[in-house]
Amino acid sequence: MTIPDEARTTAPGALAAVARTRREVTAALDRVTAAGTGAWDGRAAQLWAGRMRRLAAEATALLDHCLLVCEQARSGSTGTSTAPAAPPRAIG
Amino acid sequence: MASLGAGARLAAVALPPGSGAGGDRVVFDPVRLRPLAAAVRAAGEALHSGARTVAHALAQVGGPAGWAARLARLGDELDADAAMLRRRLALAEGADDAGRSLPATAVVISPAVHRAPALLDVRPVLDTEAISEGEAEAEAVTDTARAGATALAAGRAAGRSLLSGIGPAGADGRTSRPTGSAGHPARVTDPRAGRRLGSPAGREPGGRGAPSASPQEALGLLGSRAGDPDFIAGFYDALGPAGLAQLLTSVSGRARGPMVNRPASPSGVDRRDAEGVLGRTFAAYTRGRSLGDSWLGRFNTQGRLDHAETVLLTPLLAVGHVDGALLDRLGRLAFGPGIGPPEPGAPPTAAAAPRGPAAGRAPTPGQVAGTVLRATADRGYRGALLAAIAAEPALAARFATRYVEAVLGGAAIAELGLPVAIGLDDATGRAWAGLIAAAGGPAARRADPRGSADFVARLAGAVNAADGPALPLHLRAALVPALRTYQEEMYDAVTAVVPGPVSPPGTNSAAREVPVAAWRALLRECLRGGALAGLLGRDAAAYAIGLDERVAGRTRGWNAAAGGYPSSPRALGYLRGARAQAFFTGALGDAADAVLREHAQAGSAHRRRQTVILDLLGTVATSIDPTDPAATFVHLGVGTTVDMIEALVRERYRDVSTARPAWILARLREASRVGPQWAATYEASARQLWTRRAGDPLRPITVTGGDGRRRVYTGDPHTDGYITGPATDFLDAAGNLRPAAAMTPAQRGAYLAWLESPALVANNDRLPILAGAAALGEARIPPDEALRPNG
């Protein structure tokens, strides 16, 4: 999971972190939808599925707002970009 | 989700009669619900983690602070949903255990998924806002809630019908209370609840008006509703722990209290049937409720708040799968807290996430006082409890870890109430052996990877520290599963070019840090029992064969192309395979030595047993050819069990000479010395190649990988990608190789990978000589002192 690195985060860093969070959350919610297919049935299951859809929409919308704020902050900032992650180790 | 219903595993089955639920049914597939619960839980964690990230990010750019809190709230909702789904699943599995006539993978849960007071210890899943979005939805929720409440009330009525003479604040008073939150289940606070059972008196105080019923009638009703979790929850809620204790006493025909020898009044129920029904339904109940110290403290027939007559649970433990957290709690009560780990008793549902919430809190001193003596005094209870724990893979390893040293060491065993030397006839000793076998088995590893690895590491360390303990045959045989489950880890450590813990990418297991000496001690002690020695020998041969095949597959054609290997690229793999075999034969020789010593010292009755074991070890030994794993694999049969050994001992009622097995094992010991020093020689040669690289550069090696791409290895660990940063830098400031013993596990992992890389293998001029010596059975190389301190 994403661990915030307080010492190094800047506006571009914040944007990258929020974008990564959005990807992770979206992927996790997608997995819920996929796993839910066929797992249970009945009216209560349908209600629950509807509620999950609303929850996912709310989370996505919130993270989109966060992204927008971070993008606006970056366009007005001159902060240096954070270093890319280290490449994976190659062990033969 | 709206178009569900066509799945092959789904089955729409009518509700149990009398639930009053109309046509509203919830049908689910347990096989698919499990990953759904895991996915919901993971999504909740992602939202919580995301909320922390967003809070930090927005603080950097001056964004609004409330958004992160909203994300966290959504995460809370998902957490609650995950808990609800897990509880549903647990109850369904309990219902499945109860043997209802349903298809194997389909379980019908009576309605009321949402707002079912019996099931949702967590806060309700649907909030008011969600319900108000559609009238139909709200109506459906009301229906389901009503149906669940009906089943719950029916269960409570059945439970109450068994009770009489309780006070106004008794079990009945709780029906009007809201359900507690997770970790704080609704509870009966009146210790007098259920003190008299089955008395013929009509009505309860409080005006609820439940007629009394005989235990036979009540248990019959409970049996007919054994698949209905709401009914079960209501039944046991109303009965309360004190009532359950009374009921179990009545069913078992025991008399409690000061005059314990007086005969109990006949309860009129068939004991076996009653214990079957109660065992299955109580197991389902424990999975739906968190039964803590408060509940256990009232589980007695004396009306006390601090006393658990856990021995009454004995017949129930054998019937159903009681919740792991409760088993853990009972185990601590019976055997004390044990030694570590620091975080006690994670519930089995948290096994996937190794550091789950500490739901199973250790009882504080003074709580449930006096229970330890009472519980440990009953051998039947101890055996049943240990067997139940052994049958719970997510708990077995974690639980057994705490008592490994105590079981192996004599003094602590005595404190536990176990005999110092566990005899073969002792039921508790066998139960402990069964638990240790289960804890080391593959099921425990799948259910709780971290707990399983910790267990095997502690086990190997304890056996090594005990220095040849006198263990019974059953306990020695119980070590076999751990050795077999972790054979890859063991032989990887044994055959590594450089000894010491490594941390290759993606693994962080305690089993990878077990020293070779501890593995050797564990294998030796296991072989001293004789049981399954052949099986363990096959494992060594199978490892060698698998390693050879992997190396051959990876290096196919490496010495054919121009610029490739000048010699066989498989030599190193071959040497490692031979080392695995030699390690096994060395341990076999150690075991035989120990048995021979015992044989010389022991009396004739004991000698008969040792002779049979020696004969078995000799038979295994003659099948082993350290230089030919494939032939060894063919020659070795499967293992001999403890029971077979005991039969052999009985049959051979005479002293048999140990001369032949001793001679065979002496030859084997000589053979096991084949090339054990190659690893140190190889490493020394590699170091020299690196030291001389300026004057005598390494020849670059071009190989074609499994993906078809050609790649050149220069021998430089930076260029070849083995050193990726300070964490994996095994060179010092001057560019020289650090001593292997001074490296960190990460550096050692990178160093090992570099030593086994094509450039180093192909340029190592000692390797062909070493391989040739091993193939010729060269025995003049002195033993590997680092691995075999005692020669």
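Heavy-atom basis, side chains included; hydrogens, waters and symmetry copies ignored. Below, chain A is the first sequence line, B the second, and so on; all start at residue 1.
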CG of B:L47 to CG of A:L63, rounded to nearest 0.5 Å, is 7.5 Å
When rounded to the nearest 0.5 Å, the distance separating CZ of B:R73 from CG of A:L55 is 11.5 Å
Value for CZ (A:R31) from CG (B:L36), rounded to nearest 0.5 Å, stands at 13.0 Å
Heavy-atom closest pair (B:A57 atom, A:V18 atom, distance to 0.1 Å) is CB-CG2, 3.6 Å
d(A:M52 CE, B:E77 CD) to nearest 0.5 Å is 7.5 Å
Cut-off 4.5 Å, heavy atoms of chain A, and the answer for B:L752 is neither
Okay, B:L71 and chain A: the region with an atom under 4.5 Å from a heavy atom over there is both
Counting heavy-atom pairs under 4.5 Å with chain B, the top scorer among A:A59, A:A34, A:A27, A:A56 is A:A59
Here the pair of heavy atoms bringing A:T21 nearest to B:G50 is CG2-CA, 3.3 Å
Smallest heavy-atom separation, A:V32 atom then B:A39 atom, equals CG2-O, 3.4 Å
In terms of heavy-atom contacts, B:A46 and A:V25 come closest through O-CG2, 3.8 Å
Okay, A:L15 and chain B: the region with an atom under 4.5 Å from a heavy atom over there is neither
In this structure, CZ of A:R51 is separated from CG of B:D81 (nearest 0.5 Å) by 4.5 Å
